[in-house]
Amino acid sequence: MGYFLLRRTAGFIATLLVVSLVVFGIMNVLPGDPALTILGLDATDDALAALRTQLGLDAPVHLRYLSWIGNALQGDLGQSHSFRVPVSGLIAERLPMTISLAVAGMLLTIVIALGLGIGAAARHGGPGDWGVMFLSQLGIAIPAFWLSILLVLLFAVKLRWLPPGGFPGWSDPVAAMRALLLPTIALALVQSAVLARVTRSSALEVMRQDFVRTARASGLSRRRTLWRHVLPNALVPIITIVGMQFAALVTGTIVIENVFYLPGLGRLIFQSIANRDLPTVQALVMLFAAIVVTANFVVDLLYVVIDPRLKARA
Amino acid sequence: MRALPANFILGAVLVSIVVGIAALSLVWTPWDPTALNIRNKFADPSDAHWLGTDQLGRDVVSQLMAAARNSMAVALIAVLAGGAIGVSLGLLASALGGWVEDIVMRLADLGFAFPALLFAIMLAAVFGPSLTNAVMAIAFINIPVFARVTRASANQIWTRDYVAAAQAAGLSRFAISRDHILPNIGAAVIVQATIEFAVAILAEAALSYLGLGAQPPASSWGRMLAEAQTLMYLAPQLAIYPGLCIVVAVLGFGLLGDGLRDITDPRLSRARAA
Amino acid sequence: MNLTYRPATALGLILGLALAGTGVAAAELVVGMQQEPTTLDPTADATASIDAMLTQNVFESLTIVNESGEVEPNLATGWEVSDDGLTYIFTLAEGVTFHDGSTFDAEDVVFSFDRAMAEDSVNPSKDIFKTIKDVRAIDPRTVEIELSEKDAFFLFNMGQGDSAIVAKETVDTNATDPVGTGPFRFDGWTRGDRLTLVKNPDYRDAGDVALDRVEFRFISDPAAATAAMMAEELDAFPGFPAPELLPQFEADPRFNVNIGSTEGEVILAMNNAKPPFDNPDVRRAVATAIDREEIIEGAMYGQALPIGSFYPPHGTAYVDLTDAYPHDTAKARQMFESAGIAGQTMTLRVPPFPYAMRSAEIIQSQLAEAGIDAKVENVEWGFWIDEVYKQKNYDMTIIAHTSPNDMGNFARGPDYFYGYDDPQFTALWNDIQTEADPERRNELLRKGQQYLSDQSVHAFLFQLPLLGIFAKDVEGYWASSPVLYMPLKQVSKGG
């Protein structure tokens with residue numbers, strides 16, 4: 001177990017390093033001159049020189065990369081070019097918003113997907129199964145942002161039950177939950193379409209195995225069999241997809257925050273792009289990529305917890 | 001010959017409609033999709049404007065048609081470019097094996113750390129938002145997908161007797177990849193390409209919705225939705241049509257891909273090859 | 001139209017006081033703001049939202065301009081003017097302190113004006129201090145200001161954010177931590193999200209201030225602004241960006257809607273310093289290519305008055321010049337062709353305001369019909385200020401000039417972002433500024449409008465309306481805004 005952990009952790013760190021190289025490369029090396037990117041083609045030489053000094057562009061590229069990584073490890077993500085404050089502060093202010101949304105979205109995704117997937121598997125071949133499969137096919141084809149717009153049209157514009165967007169802050173928890181309801185649903189529905197399919201096929205595979213039939217034969221109810229025996233054994237492929245989906249979900253928050261105007265990291269990224277605030281964009285892209293890589297790493301570890309046999313293969 | 005699967009037929013029908021409309025828009029649209037007629041804004045559907053007009057008096061049908069064309073073009077370029085690079089890398093990895101294969105596959109893993117959105121965000125920050133950047137971002141995420149599919153399929157073919165025979169006959173690994181491997185993995189690549197086409201349409205719509213793709217006055221389903229969102233209280237119908245178009249196109253290519261996969265099931269293709 | 005706010009204000013004040021007196025609840029107002037500034041010092045940056053949030057709330061000036069445009073006492077409780085109109089003696093309010101606890105006196109006034117008038121001053125309206133010859137402290141409560149020539153706008157300008165009185169000790173940190181003498185203290189600024197003020201308990205009329213806390217939320221997108229109002233996340237949006245949604249709010253019993261006027265002339269600015277717009281004929285061709293009615297209908301849903309020059313239609317000297325260059329695409333195309341620039345591509349850099357972004361799309365299409373390819377670039381405000389306003393790095397842009405009496409912009413010479421340098425107009429503006437007789441001044445102002453229209457310095461589009469949406473329980477907001485600020489002193493919530 002120790003050796004396995006070590007190997008996986010080393011791989012994880014190596015991946016993060018390469019990801020940081022890619023992000024840094026695209027944001028700094030590719031265009032040739034970030035100062036020029038920020039100021040535009042007609043900028044005066046003086047202005048460019050001043051900005052280069054301010055952005056620390058005088059140093060050679062590899063030293064800049066090293067200091068970026070070194071500072072990032074100490075929690076210093078650089079200075080925002082447009083707001084002139086540390087990027088880490090900007091991120092800290094918005095992180096709770098994005099995390100609330102991602103966690104709520106993930107929980108709802110799992111609840112919907114497991115319910116629908118197991119339900120469909122239990123009624124395999126019936127109209128319920130067919131319906132779930134059709135819905136999930138449709139769910140994959142519907143863009144999350146359009147679904148959001150439809151939800152807003154129905155619940156905010158027509159029925160006026162819920163606000164069409166915005167976030168009042170947690171000082172009023174009821175208002176905050178109301179504001180998060182539609183974004184969470186929009187985020188979760190599309191994701192759960194994918195997960196429900198995997199749950200269904202995975203559950204079907206388990207149900208064909210002997211021990212399930214034995215359990216049923218020994219008088220265990222259908223429902224108990226499903227939740228006690230089928231689900232735990234179907235979990236491995238489900239966890240894989242959940243891990244991949246968490247990554248999709250976190251990037252999904254970027255879109256959803258922009259549809260519902262929630263003041264999180266996703267909004268900040270777009271404000272920074274329009275401000276040509278390269279240091280902030282660079283820090284945020286790195287953060288999102290790191291979350292994706294970390295999610296995959298955690299899934300790898302979870303495998304072993306759930307199914308120790310995999311250790312042998314590691 | 002077996003009956004064609006239902007998903008293939010439905011997918012083919014939807015794809016034909018979307019591609020047909022996109023092709024038609026090259027030669028004819030009811031109106032100029034970018035021509036403003038502000039005095040006739042928010043017009044109801046009529047004989048002149050089948051789905052009415054938008055906030056600037058532009059014909060909605062014409063815009064949807066022009067957007068279909070743009071969407072198809074983006075998906076085609078992105079899938080072709082990403083596919084070409086990805087298939088080449090996959091063939092290379094499979095042909096050479098060893099550390100080359102290791103590196104290519106590690107890099108492919110890495111590609112999954114960057115969803116198209118993050119990649120497009122970086123390009124937009126560096127070069128400013130444009131449709132070209134969106135195409136590049138979508139093409140980029142296609143590379144690892146195709147590299148994996150190609151390598152997996154190619155590795156199977158390399159174990160065949162006739163490949164061993166060709167190797168014994170002194171053919172180079174490059175020549176074998178070209179003459180024996182590539183033709184035999186074609187089906188798998190085409191299935192993947194069809195599915196990736198659906199993904200690309202979805203990605204273009206999302207990027208344009210977020211302002212990272214098509215810029216005004218270019219028509220795009222995603223951009224139309226972004227504009228319609230402000231007008232939901234006035235003209236909710238404008239937020240419906242472009243979304244339906246996206247769903248039809250994505251569903252069409254997705255079903256077509258699934259159908260093709262069912263038809264070219266690996267077991268069947270193996271039987272044919274033997 | 002809601003013009004019945006005055007009695008309501010009094011009622012609101014009484015209720016506000018009653019609530020404050022019994023300590024029932026802290027009155028907190030959440031206000032939507034379209035534009036986020038990059039700095040908070042009104043004496044160092046032209047961003048209108050700095051004034052909208054801070055001037056007369058955090059920072060105060062000698063005078064204050066009321067809703068009808070009349071000058072009233074403020075930090076100066078009174079003044080005397082010499083017979084030749086060149087010497088002003090201001091008496092300062094007693095017992096005033098800055099938010100850091102230091103005392104306000106005549107030395108602060110002298111410091112503030114010396115700083116604004118200095119050679120290296122970064123004051124965005126440096127020109128309004130041009131006529132000041134000398135500022136002297138007679139005693140701690142008396143200041144004498146001597147002018148080099150008569151200035152008809154002097155007392156009015158003393159009430160603008162550019163003339164805010166700042167303290168020497170805190171002036172360097174005002175950009176991020178503004179310290180003034182006003183009824184509210186700066187509390188915090190979360191970049192990209194919000195800025196908060198709290199009531200200043202030491203304010204000289206603290207008893208009249210109803211609000212305990214004011215939070216400004218930065219929301220530039222019209223759909224987001226609508227969402228935030230509908231969600232009751234905001235109590236007020238005094239400069240609402242989406243005219244098309246007003247009927248929606250008018251029909252909703254939770255809100256009051258107000259349509260007022262502003263001093264904001266919206267122009268399609270052309271960089272006069274650079275080809276092709278250094279050529280007046282090209283600028284006239286642009287004016288001919290655009291169709292104002294269509295822009296107003298498409299971008300403002302009809303909620304704006306067209307302008308043909310740089311003067312508000314509600315002003316006393318207004319002349320209607322909207323027919324100076326009748327819309328004629330064919331003629332415009334011909335004019336571009338004879339200037340040799342037909343088919344050229346140029347940038348249209350647009351700040352993040354719906355009026356500008358929407359106008360841009362329509363203007364792009366109108367110019368395209370006349371054979372000019374305008375490339376629209378939507379940029380954030382900080383970028384616009386740096387690149388367009390400061391660096392003059394643009395071909396065309398769309399912007400509202402919201403300051404009052406701002407025709408002098410055209411006399412600011414080559415360093416201003418217009419790049420327009422015309423001795424003839426500068427002389428004319430000088431006459432306007434030094435003319436004390438209102439009738440004769442109006443005559444000159446009419447001449448100025450005519451001249452700017454003849455030169456077609458920019459394409460003049462429309463007068464920005466003031467669209468305000470307020471929760472039913474919010475009282476005391478101005479209906480129209482003759483200046484850039486909206487004092488919160490008399491605003492109240494609850495009742």
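Please read these numbers as outputs of a predicted model, since none were measured by experiment. Proteins get letters first, then strands, A, B, ... in listed order; numbering begins at 1 in each.
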Heavy-atom pairs under 4.5 Å with chain B - which of [options] has more of them than the others?
options                                : answer
A:Leu147, A:Val152, A:Val292, A:Leu153 : A:Leu153
A:Ala248, A:Ala274, A:Ala289           : A:Ala289
A:Gly11, A:Ala141, A:Ala14             : A:Ala141
A:Ile269, A:Val259, A:Leu284, A:Val293 : A:Val259

Could you give the distance from OG (A:Ser272) to CG (A:Leu278), rounded to the nearest 0.5 Å?
->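 Those atoms lie 9.5 Å apart.
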Heavy atoms under 4.5 Å from chain A: which residues of [range] carry them?
range                       : result
residues 190-208 of chain B : B:Leu202, B:Ala205, B:Ala206
residues 10-21 of chain B   : none
residues 230-242 of chain B : B:Met232, B:Tyr233, B:Pro236, B:Ala239, B:Ile240

Kindly assign one of parallel, tilted or perpendicular to the pair A:Trp130 and A:Phe134, based on the angle between their ring planes and the thresholds 30° and 60°.
->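 A:Trp130 and A:Phe134: parallel rings.
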Classify the ring geometry between A:Phe24 and A:Tyr65 as parallel (under 30°), tilted (30 to 60°) or perpendicular (over 60°).
->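 Perpendicular: the ring planes of A:Phe24 and A:Tyr65 meet at over 60°.
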Flag for B:Arg223-B:Gln215: side-chain donor and acceptor within less than 3.5 Å =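 Distance-only check fails for B:Gln215 and B:Arg223.
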Between B:Ser220 and B:Asn70: side-chain donor-acceptor atoms closer than 3.5 Å |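 No donor-acceptor contact under 3.5 Å links the two side chains.
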Is it the backbone or the side chain of A:Val281 that comes under 4.5 Å from a heavy atom of chain B, or both, or neither?
->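 Contact with chain B: side chain only.
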Identify which part of A:Phe145 has an atom lying under 4.5 Å from any heavy atom of chain B, answering side chain, backbone, both or neither.
->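 When you check distances to chain B, only side chain atoms of A:Phe145 fall under 4.5 Å.
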When you measure from the side chain of [X] to the backbone of [Y], do you find a donor-acceptor pair of N or O atoms at a distance under 3.5 Å?
X        : Y        : answer
B:Trp221 : B:Leu64  : yes
B:Thr53  : B:Phe42  : yes
A:Arg197 : A:Ala193 : no
A:Ser192 : A:Leu195 : no
A:Thr98  : A:Leu265 : yes
B:Gln63  : B:Ser219 : no
B:Ser71  : B:Ala68  : no

Salt bridge between B:Glu101 and B:Arg106, side-chain N to carboxylate O under 4.0 Å?
->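 Here B:Glu101 does not pair with B:Arg106 in a salt bridge, since their nearest N and O are not under 4.0 Å apart.
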So, do B:Met72 and B:Leu76 sit near enough that their side-chain heavy atoms are less than 4.5 Å apart?
->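 Answer no - side chains too far apart.
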Any idea which of [options] has the most non-hydrogen atom pairs under 4.5 angstrom with chain A?
options                      : result
B:Leu251, B:Leu210, B:Leu212 : B:Leu210
B:Asn7, B:Val248, B:Leu244   : B:Leu244
B:Leu255, B:Ile246, B:Ile121 : B:Ile121

Measure [X] against the heavy atoms of chain A and call it side chain, backbone, both or neither at under 4.5 Å.
X        : answer
B:Asp258 : side chain
B:Leu117 : side chain
B:Phe253 : neither

Please find the pair of heavy atoms, one from [X] and one from [Y], that lie closest to each other, and give the distance.
X        : Y        : value
A:Phe167 : A:Pro263 : CB-CD, 3.6 Å
A:Leu90  : A:Arg94  : O-NH1, 3.0 Å
A:Ala156 : A:Pro163 : CB-C, 4.0 Å
A:Leu249 : A:Ala102 : CD2-O, 3.0 Å

What residues form a side chain to side chain donor-acceptor pair (under 3.5 Å) with B:Ser62, not counting sequence neighbours?
->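 For B:Ser62, the residues satisfying side chain to side chain donor-acceptor pair (under 3.5 Å) (neighbours in sequence not counted) are B:Asp59.
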